[in-house]
Amino acid sequence: TGGVTTIDAGFKNTSSCKSAITFLDGEKGILRYRGYAIEELAEKADFLEVSYLLIFGELPTKAQNDKFHRDIQKQSLVDTDVKKILDGFPKTAHPMGVVSALTSALTAFNAKSVNVDSEEEMYDAVVKILAKLPVLASWAYRKEEGLPLEYGDSSLGYVENFLKMMFDLPNEEYKSNPVIVEALDKLLILHADHEQNCSTSTVRVAGSSHAGLFASISAGISALWGPLHGGANQAVIEMLEAIKEDGGGYEKYIEKAKDKNDPFRLMGFGHRVYKNFDPRAKIIKVAADEVLADLGIEDPVLDIARGLADVALNDEYFKSRNLYPNVDFYSGIIYRALGIPIPMFTVMFAIGRLPGWIAQWREMRLNKEPIGRPRQVYVGATERPFVDVEKR
Ligand code: SDX
C-alpha cells in the first residue's frame, strides 16, 4: 500500500491546499471572496470587478477596472479557424462538451504557455480567456440552433455582449433588457468561486503538472458538467418539468428521494460543505421572484420549486442530513426566464466559475504546489505467473 492506509473517499475530510481566495463557513452559511461578503459583492460590484478581485486579490482601482473592462472588450474575438473545429460537431452535441473542447483548442491558437511569474503574461492570458469563453459559449449555442455565429461588439459591456452574441438575429434589431443584464451579472458573481469544489480541484490538479491555463480550464469544464456538480442546474429544471408533467405533485418525488433503493435524488438539494442554507441560493431565490415579476413571467415551475423546498425543509430525512437548497436549485428558473435554453445552463455556470478557476490555478502555481499525485490502498490480485493464450 506504499505506507498510506487511510482512504478519504471524495476527500470529505482532506484539505488539499492553503488558499487565500474564498472563505466558506458551512455551518453558518457564509461565503466571502477575498474577505468580501458575497451579499455585498452581488449588490454593489459587477462580474468583471469581482473577477479582478478573485484573480489579483484586491478590488481594482477605477483606472485598473476601466482598463480591465476595456482590455477584455478588445479581446472578445476568436480565431476564425476555431469555427472549423466547431463545424465538426453534430448539432446534437451538448454545449458543455463543445465548450470544453474549444477551450482546450484555444491553446493551439495562443501557443505561448503562460509564465505565471510574469504579471504581464498572466494578465494577458486572464484577459484572453475571460473574453473568449463567452464567445465560444455563444457559438456552441448558435451551432445547436443552426444560427450564424456572432462576434462580440466591443462597445458593449461583458454580459450585454454575451447576450447579444447569443440572441442577436440577422433579421431584427437586438435590444438588450437591463433587467436581464443585471440579473445575469449577479448570477455570474454568485458562481464565481467556491474554494476546492470538484471542478476547481480538477483545475488545480491538472495545472499542478504545469499543463497550460486553457488546458486546465478545459478539464474544469468537463468536471463541472456532471449532474452531481454544475450539471445539477440542468437536472433541477428537468426534474421540476417532470414533476409538472406528472401533474405537479411533488410529494411522490420527495418519497423517491428518501428511498434508499431508488437512485433518484432531489437535484439542487444538499451540499458537501453547507449544512445550512447555501447563501447563494438565498440571494438567487429572491432574484428569481424579482426577475420573473419584472419580466411579467408566470412560471409554474417556480411554484413547484417553492412547494418542493417547503416540504423538504420540514421533512425529517432532509433535516437530519442537513439537506438544503443549493446554488443550483433556483438558478435554472432565472436562466429560463432570461431565455437561456436548458442545455446552456451549465455553460452559464462555467462562465461564472471561470475567474475562480483562474484565481485558484494562479495561486497553486505561484505557491509552487507539488504535482497532485495521491496514493491508494491496493486490493487487487497478488503476484501470479503469465498464462499463454492457448492455455487460458
Ligand atoms: C454544486 O462543492 C461545491 O462547492 C459545489 C458547488 C460549487 O459552487 O462548486 O456548490 C456547486 O455542485 C452544488 C451541488 C449540486 N448537486 C446537486 O444538487 C445534486 C444533488 N445533491 C447530491 O448529490 C449531494 O448532496 C452532493 C453531491 C451535493 C453532496 O454529496 P455528498 O457530500 O457526497 O453527500 P452524500 O452523497 O454522501 O449524502 C449524504 C446523505 C446520503 O444519505 P445516507 O447514505 O446518509 O442515508 O444525504 C443523502 C445521501 O443519500 N443525500 C440526498 C441528497 N443529497 C444527499 N438524498 C436525496 N437527495 C439529495 N439531493
Side-chain angles (χ1 to χ4, degrees), residues 8-16 19 21-26 29-33 38 42 50 54 96 187-204 220-240 243 250-284 305 308-309 311-313 315-333 345-346 348-357 359-360:
D8 182 15
F11 312 122
K12 294 193 174 188
N13 299 295
T14 295
S15 288
S16 60
S19 178
I21 300 169
T22 291
F23 172 75
L24 296 193
D25 180 320
I30 292 173
L31 171 57
R32 297 188 199 121
Y33 296 159
I38 189 70
V50 171
L54 283 166
M96 279 298 275
L187 275 173
L188 294 178
I189 290 172
L190 293 169
H191 285 82
D193 192 51
H194 215 237
E195 59 133 275
Q196 305 313 315
N197 59 85
C198 174
S199 55
T200 298
S201 298
T202 303
V203 169
R204 275 183 170 254
I221 294 171
S222 297
L224 185 72
W225 192 358
L228 292 187
H229 188 17
N233 62 14
Q234 172 174 343
V236 167
I237 287 291
E238 288 166 348
M239 172 186 75
L240 295 172
I243 294 173
Y250 34 76
E251 287 75 6
K252 180 172 75 175
Y253 290 84
I254 296 269
E255 292 315 307
K256 273 171 68 70
K258 292 157 64 175
D259 179 355
K260 290 309 309 149
N261 302 317
D262 188 329
F264 174 78
R265 285 199 156 188
L266 198 53
M267 300 313 274
F269 256 73
H271 198 277
R272 174 62 59 74
V273 177
Y274 289 125
K275 300 307 167 197
N276 193 323
F277 238 96
D278 182 331
R280 301 166 299 177
K282 272 187 192 167
I283 299 170
I284 294 174
L308 198 60
V311 171
L313 291 172
D315 181 289
E316 199 39 46
Y317 172 93
F318 291 90
K319 284 202 302 190
S320 63
R321 292 168 177 78
N322 297 310
L323 301 178
Y324 291 88
N326 58 47
V327 68
D328 295 312
F329 189 66
Y330 298 103
S331 56
I333 290 161
F345 285 9
T346 312
M348 298 313 301
F349 194 142
I351 294 174
R353 185 51 51 88
L354 179 58
W357 286 332
Q360 300 274 351

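Counting from 1, the numbers follow the sequence of the chain as shown. Indexing begins at 1, ligand by ligand and atom by atom, following the structure's order.
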> Suppose we measure from atom 53 (C) of ligand 1 to each protein heavy atom; which comes out shortest, and what is that distance?
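Closest protein heavy atom to atom 53 (C) of ligand 1: L323 CD1, 3.9 Å.
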> With a 4.0 Å heavy-atom cut-off (strictly under), which part of H271 contacts ligand 1: side chain, backbone, both or neither?
both
> Starting from atom 38 (O) of ligand 1, find the nearest protein heavy-atom neighbour and note its residue, name and distance.
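Ranking protein heavy atoms by distance from atom 38 (O) of ligand 1, first comes R265 NH2, 3.9 Å.
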> Considering only the protein, which heavy-atom contact is closest to atom 56 (N) of ligand 1, and what is its distance?
Y317 OH, 3.0 Å
> Tell me if the centroids of the rings in Y274 and H194 come within less than 6.0 Å of each other.
yes
> Which residue supplies the protein heavy atom nearest to atom 33 (O) of ligand 1, what is that atom called, and how far is it?
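Here the nearest protein heavy atom works out to R272 NH2, 2.8 Å.
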> N/O of L266 under 3.5 Å from N/O of ligand 1, yes or no?
yes
> Which protein non-hydrogen atom lies closest to atom 2 (O) of ligand 1, naming both residue and atom, and how far is it?
N197 CB, 3.5 Å
> Would you say N326 and ligand 1 have an N/O pair spaced under 3.5 Å apart?
yes
> Please walk me through it: do K252 and E255 pass salt bridge (charged side-chain N to carboxylate O under 4.0 Å, His left out)?
CA-CA 5 Å; K252 180 172 75 175; E255 292 315 307; over 6 Å; no
> If we only count N/O pairs under 3.5 Å, is K275 in contact with ligand 1?
no
> Please confirm whether K260 approaches ligand 1 to less than 4.0 Å, judged on its heavy atoms.
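So K260 counts as touching ligand 1.
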> Can you pull out the closest protein heavy atom to atom 9 (O) of ligand 1? Residue, atom name and distance to 0.1 Å, please.
R353 NH1, 2.8 Å
> State, to 0.1 Å, how close K275 and Y324 come at their nearest heavy-atom pair, and which atoms those are.
O-CE1, 3.5 Å
> How far is atom 17 (C) of ligand 1 from the closest protein heavy atom, and which atom is that?
A232 CB, 3.5 Å
> Among all protein non-hydrogen atoms, which one is nearest to atom 57 (C) of ligand 1, and what is the separation to 0.1 Å?
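In this structure, atom 57 (C) of ligand 1 has A257 O, 3.6 Å as its nearest protein heavy atom.
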> With heavy atoms under 4.0 Å as the rule, classify the contact between L228 and ligand 1 as side chain, backbone, both or neither.
both
